[in-house]
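Written out below as structure tokens is the structure these notes cover.
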Amino acid sequence: MDSIHLEIRGRVQGIGFRWFVRETARALDLSGWVSNKANGNVELAAAGDATALKKFAAAVGKGPPGAQVEEVRALSAIDGASLPKPFGIVHLQRL
């Protein structure tokens, strides 16, 4: 199973970006999660079919209407088998 772990920078909070990511991932039958980060970015991890992941990465690189994606940065690899299904939203926990 292939996986991706990304951080998205730009205008990606407060505009439904996480919901867009979740619905896109579920439509592509991917496992994983998405979360807002305290710095204003969004982090996500997804696993599934390589073709579906490629479509997913392209979609989140554009985002929903109202988003302004400035950068998509690959983060360290995550074991795809450990990711939850269905794809979900993880809420930011402030310490």
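As the structure is a prediction and not an experimental result, all values here were calculated from the model. We're numbering straight along the sequence, starting at 1.
Cluster note: Phe17 groups with Ile4, Leu6, Ile8, Val12, Ile15, Trp19, Phe20, Val21, Leu28, Leu30, Val34, Val42, Leu44, Leu53, Phe56, Val60, Val69, Val72, Phe87, Ile89 through ILVMFWY side-chain heavy atoms spaced under 4.5 Å, whether in direct contact or through intervening members.
Shortest non-hydrogen contact noted between Lys62 and Ala67 is O-CB, 4.3 Å. Nearest heavy atoms, Ala81 versus Met1: N-SD, 4.4 Å. Here the closest non-hydrogen pair linking Lys37 and Gln13 is O-NE2, 2.9 Å.
Residues passing the side chain to side chain contact (heavy atoms under 4.5 Å, CB included) test with Thr51, sequence neighbours excluded: Asp49, Lys55. Residues satisfying the side-chain hydrogen bond (donor to acceptor under 3.5 Å, both in side chains) criterion with Arg9, sequence neighbours excluded, are Glu70, Glu71.
Taken from CD in Glu43 to CZ in Arg18, the straight-line distance is 13.0 Å, to the nearest 0.5 Å.
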